[in-house]
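Reading through the structure tokens given below for one structure.
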2 protein chains.
Amino acid sequence: MGPMTPDSAGPAPHSSSTRGGRRLGRAERREQIIDAATQAFSREGGYSHTSLDDVAAVAGVTRMILYRHFNSKADLYEAVLDRAGERMYHAAVVDGEMDDDSVARVIHWAREDPDAFRLLFRFAAQEPDFRGEIDQLKVGMSAHIRPYLEEVTTDERWVEWTAQLTTMIVIEAIMAWLDAGQPDPEHATDRILRAVEGAVNAIASV
Amino acid sequence: MGPMTPDSAGPAPHSSSTRGGRRLGRAERREQIIDAATQAFSREGGYSHTSLDDVAAVAGVTRMILYRHFNSKADLYEAVLDRAGERMYHAAVVDGEMDDDSVARVIHWAREDPDAFRLLFRFAAQEPDFRGEIDQLKVGMSAHIRPYLEEVTTDERWVEWTAQLTTMIVIEAIMAWLDAGQPDPEHATDRILRAVEGAVNAIASV
DNA sequence: CAGTAACTATACTTTGAAGTATATACATCA
DNA sequence: TGATGTATATACTTCAAAGTATAGTTACTG
């Protein structure tokens, strides 16, 4: 169940539209709600553009149920961002550091769960009340890039800028590919990877 | 008056806090409200995070006045985006085409009115009801870049992606510099310019 | 100095969505 | 088969902010 496993392509609430007693245990239902909420929040356009009715509809559940698992809309949203952020982080960072395959793994994750990727970096990243989570992710990534940059970049004052921009280029390269309809999937990862590398080198050594 | 002319740095409603009869004619007041709204919408975080009370406070005016100049909140917001978008466009495109100085002029405009720049590309660009305007701007820029790219980029399917990403890199490079507190202002334009050029070349010729 | 347009002040209605309450139905499992 | 917990259904309260109405005040203009 959920975007991490190969299913749930459409909105498809659940099998029968009404009445059906206990289907899932607490933990499973909670996860399934987070799945649905990720999709709803991402496709509607972030926190304030998404109502709990939207989420409930996607989950195939009454709005009441949401309150049995989460204290508030904000609480649910944070759960969504937490899970997505964690997955993103574990794609990028292994054993406490980023390696040559980090970007490839992030791309892989983004292909698998584009809703989560878009939600994090297109929407939540701009929301005053929630961007903290995403900013931290970015800071973490930038920090890992920094040491490498300091070898190449000469001017002290531009190191931070270079690190931030590098992170954004990775994100935007993936986003643009998702938005373009994920063309040429065979070579996509490779292509994006090489483009990012080239761009980053160019920027760092200006 | 307004971000395009050197003043209005602070929130500073207007000279005296209460009572002061007719100050501005219709046209001037309208422009001044758009100035204030640009600032308010940008700093509060976009359309839905900004109330008309916020705008009125920055403008140093009653909320009623806003309704004398605009039919609704959405109407005001569109006026704000229209004006900002127009200025941005005229910075980028001269005599119907982009030249070697286009990026430099966009940077210049962004430095002059960072609120407008952020509002357009950080917030409005992600808002379902308003992103159309900004998407068009981006499409326009991408279209101007395309011909150049087609010389370099081999694979047909990746031209669109390259054009989009190029546009985003220009935007993000400027944004990152604004967010970093506009360091090293002397060489900023030059530095950003060279970085963008390098990155774009790297991406196009992957 | 009179008239008009710009503005203030205050109070009101409307709206959409969050959050609450309670009674009922059905599935599962001991 | 009946106790337990998951879910439905419906109706309600609350709240923030948009939008409306109206009466009064001050500045500028002819």
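Chain A is the first sequence line, chain B the second, and so forth, proteins listed ahead of strands; every chain is numbered from 1.
Closest to the side chain of B/His69, out of C/dT8, C/dA17, C/dC7, is C/dC7. Out of C/dC7, D/dT8, C/dT20, the shortest distance to the side chain of A/Ile65 is found at D/dT8.
Protein atom CG of B/Leu52 is 11 Å distant from nucleotide atom P of D/dT20, rounded to whole Å. The nearest whole Å value for the distance from the CZ atom in A/Arg30 to the C1' atom in D/dG5 is 18 Å. A straight line from OH of B/Tyr77 to P of D/dA18 spans 13 Å, rounded to a whole angstrom. We find that CZ of B/Phe41 is positioned 9 Å from P of D/dA18, with the value rounded to whole Å. Residue A/Ile33 contributes atom CD1, which lies 12 Å from atom P of D/dT6 at whole-angstrom precision. B/Met64 places its CE atom 12 Å from the C1' atom of C/dC12, with the value rounded to the nearest Å. Across the protein-nucleic acid pair, B/Asp54 atom CG and D/dA18 atom C1' stand 13 Å apart, rounded to whole Å. At whole-Å resolution of the value, CG in B/Asp53 and P in D/dG19 are 12 Å apart.
Note on A/Arg26: only backbone sugar-phosphate atoms sit closer than 4.0 angstrom, heavy atoms only; bases stay farther off. Within 4.0 Å of A/Ser48, counting heavy atoms only, lies no atom of the nucleic acid at all.
With sequence neighbours excluded, no residue forms a side-chain hydrogen bond (donor to acceptor under 3.5 Å, both in side chains) with B/His108. Listed by chain and residue number, A/Asp184 satisfy the side-chain hydrogen bond (donor to acceptor under 3.5 Å, both in side chains) test with B/Trp158 (two or more places apart in sequence, or in another chain). The side-chain hydrogen bond (donor to acceptor under 3.5 Å, both in side chains) search around A/Asp155 returns A/Arg157, not counting sequence neighbours. Contacts of A/Tyr77 classified as ring pair (Phe, Tyr, Trp, His ring centres under 6.0 Å), with partners at least two apart in sequence or in another chain: A/Phe41, A/Tyr47, A/Phe130. Residues satisfying the ring pair (Phe, Tyr, Trp, His ring centres under 6.0 Å) criterion with A/Phe121, sequence neighbours excluded, are A/Phe117.
Side chain B/Arg29 to base C/dA6: no donor-acceptor pair is found below 3.5 Å.
Distances shorter than 4.0 Å separate none of the side-chain N or O atoms of B/Arg63 from OP1 or OP2 on C/dA9.
Looking at which nucleotide of DNA chain D each of B/Ala74 and A/Thr62 is closest to, the 5′-most match is held by A/Thr62.
Put simply, the side chain of B/Pro128 does not reach to within 4.5 Å of the side chain of A/Glu44, judged on heavy atoms.
Each end of the helix from C/dC1-D/dG30 to C/dA30-D/dT1 yields a helix axis from five base pairs, and these two axes differ in direction by 10° (to the nearest 10 degrees).
Contact record, B/Val170 with B/Val103: CG1-CG1, 4.3 Å, taken as the closest heavy-atom pair.
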